[in-house]
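Quick note on labels: first sequence line is chain A, next is B, and so on, each numbered from 1. All figures in this text were calculated on a predicted structure; none of them were measured in a lab. Computed from heavy atoms alone, side chains included, the values below leave out hydrogens, waters and symmetry copies.
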There are 2 protein chains.
Amino acid sequence: MENKISVAVVEDNRDIREGLKIMLESTEGFVLSGVYESTEKAIQDIPHKNPDVVLMDIMFPSGMNGIDCVKVLKDTMPDLDILMLTSYSEDDLVFQSLKAGACGYLDKNTSLPKLVEAIKDVKNGGAPMTSLIARMVVKSFNQHHSQEPDLTRREKEVLEQLCQGKSYKMIADSIFVSEDTVRFHIKKIYKKLQVNSKSEAVIKAIKNNLIG
Amino acid sequence: MENKISVAVVEDNRDIREGLKIMLESTEGFVLSGVYESTEKAIQDIPHKNPDVVLMDIMFPSGMNGIDCVKVLKDTMPDLDILMLTSYSEDDLVFQSLKAGACGYLDKNTSLPKLVEAIKDVKNGGAPMTSLIARMVVKSFNQHHSQEPDLTRREKEVLEQLCQGKSYKMIADSIFVSEDTVRFHIKKIYKKLQVNSKSEAVIKAIKNNLIG
DNA sequence: TTTTCAACTACATATAGGTGTAGTAGTTTT
DNA sequence: AAAACTACTACACCTATATGTAGTTGAAAA
């Protein structure tokens with residue numbers, strides 16, 4: 001015998017809020033844990049109610065936004081499942097939400113039956129999102145879109161080793177050239193990447209290059 | 001009027017291969033582009049056939065594995081949609097596949113109707129995967145599971161700035177302490193992260209920490 | 001209240017790193 | 001063949017980092 005899934009709703013728009021409330025109250029297997037029109041109220045109350053799943057809007061007319069609210073909630077309740085439910089599917093908001101700890105991201109246009117399925121999915125360890133959002137997420141893993149600066153083979157080799165935390169001397173020994181030569185290559189790498197220190201080069205290389 | 005979706009299958013197991021073949025040939029809206037029992041044959045032929053979607057196994061008894069095959073195919077056909085279809089859903093294989101350029105990852109136990117849906121989903125820009133895999137992918141974005149070393153507030157602040165490529169002096173100016181103090185904090189950060197250079201610290205921080 | 005600890009200052013010293021300049025050998029382009 | 005480019009070597013000079021040691025202060029834990 002399985003228990004009902006308790007769900008909290010954080011949404012500023014009254015119509016949507018009430019709609020979700022009615023839906024959840026009238027759907028078999030669900031119990032409404034709380035409905036909040038502001039992130040602040042959600043933060044105060046959700047930890048006491050300890051729901052299974054939270055449906056969270058992103059945009060609020062005032063106060064803390066939904067993404068920061070997710071961060072705060074996840075800080076104290078790391079196992080809480082939060083599903084973003086929003087009208088905007090801009091890249092940045094999606095990624096920020098996922099980074100903040102949301103485990104799914106759905107459109108407000110999602111039909112109610114699908115929403116019900118999504119909530120069940122979350123409870124079962126799933127990560128519901130629309131196809132397009134899933135694709136965005138997957139694309140961010142795909143490293144076939146980031147080559148950028150035209151480094152020579154040697155320079156790539158050196159940069160790769162910089163990114164492994166090696167010193168000039170270690171790199172020199174590993175590619176069988178003098179430390180002076182390594183120094184020279186690094187100078188040129190810095191020019192191409194437009195940086196002027198090892199750590200900046202490493203940061204730039206890791207953040208948008210082909211490393212390991 | 002929309003066209004049929006052409007699908008190629010790369011799979012070493014004859015039974016599964018034939019099963020997929022029969023299914024695709026008998027399903028409305030699909031046309032079989034090619035069936036390959038090895039990755040090598042797939043690499044030779046797929047570029048000429050130019051299918052819409054490729055179903056790719058990971059494990060092959062000999063020769064190149066499915067992940068490397070994806071890399072090769074995506075190198076020459078960056079827009080090709082590849083769906084991994086495998087019995088193993090180990091973390092590593094999933095991430096390697098996505099990095100290589102696959103756009104979805106399904107279990108071989110997936111029912112045929114669901115598989116048909118998944119292929120359509122891929123064509124429509126989706127990224128089909130099972131709930132559990134989606135969750136794994138999403139989790140990798142969630143930075144709430146990597147706090148690890150117990151750095152003090154100040155140390156985190158300094159580390160964050162190191163990760164922005166700043167020098168000792170710049171950090172000192174920014175947090176209104178002397179360069180010596182920054183030096184001191186960095187010493188302790190290195191001890192805690194078990195590194196001994198700025199770039200190593202940055203690498204470690206970026207690769208498994210909470211930075212920005 | 002004594003201890004512990006984060007945050008800080010300070011000094012010393014050796015090594016690593018950043019930058020400019022210059023020249024050689026081998027390839028590829030024109 | 002001349003020009004352009006990659007890979008390399010070499011020297012010089014100065015700055016940034018790494019590491020050790022040592023002491024002060026205020027707040028929190030024992």
Who passes side-chain contact (heavy atoms from CB on, under 4.5 Å) against [X], sequence neighbours left out?
X         : result
Asn13(A)  : Glu11(A), Asp15(A), Ile16(A)
Ser33(A)  : Ser6(A), Ala8(A), Lys49(A), Pro51(A)
Asn50(B)  : Met77(B)
Asp180(A) : Ser178(A), Arg183(A)

Rounded to the Å, how far apart are [X] [atom1] and [N] [atom2]?
X         : N       : atom1 : atom2 : result
Ile171(A) : dG17(C) : CD1   : C1'   : 11 Å
Ile189(A) : dG17(C) : CD1   : P     : 13 Å
Lys166(A) : dA16(C) : NZ    : P     : 16 Å
Leu193(A) : dG18(C) : CG    : P     : 13 Å
Glu157(B) : dA6(C)  : CD    : C1'   : 13 Å

Its contact letters, B for base, S for sugar-phosphate only and - for none at protein heavy atoms under 4.0 Å, make nucleotides 6-16 of chain D read SSBBBB-----
So if I define the base as every atom that isn't primed, P, OP1 or OP2, how would nucleotides 25-30 of chain D read as a B/S/- string at a heavy-atom cutoff under 4.0 Å?
------
Taking five pairs at each end of the helix from dT2(C)-dA29(D) to dT30(C)-dA1(D), what angle separates the two helix axes (nearest 10°)?
50°
Can you sort out the partners of [X] under salt bridge (charged side-chain N to carboxylate O under 4.0 Å, His left out), two or more places apart, ordered by chain and number?
X        : value
Glu37(B) : Lys41(B)
Arg17(A) : none
Glu40(B) : none

Lys74(A) side chain to Asp79(A) backbone, donor-acceptor under 3.5 Å:
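No, the answer is negative, given that no donor and acceptor are paired below the 3.5 Å cut-off.
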Please check if the number of heavy atoms outside Glu25(A) that lie under 6.0 Å from its CD is greater than 12.
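It does: Glu25(A) CD has more than 12 such atoms within range.
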Residues which pass side chain to side chain donor-acceptor pair (under 3.5 Å) with Glu200(B), listed by chain and number, not counting sequence neighbours:
Ser197(B)
Which pairs would a plain distance check flag for residues 118-129 of chain A, meaning a side-chain donor or acceptor within less than 3.5 Å of a matching protein atom at least two apart in sequence or in another chain?
residue   : atom : partner   : partner atom : Å
Asp121(A) : OD1  : Ser131(B) : OG           : 2.5
Asp121(A) : OD2  : Ser131(B) : OG           : 3.3
Asn124(A) : ND2  : Lys120(A) : O            : 3.1

Looking at Tyr190(A), does any N or O in its side chain come under 4.0 Å of the phosphate oxygens OP1/OP2 on dG18(C)?
yes
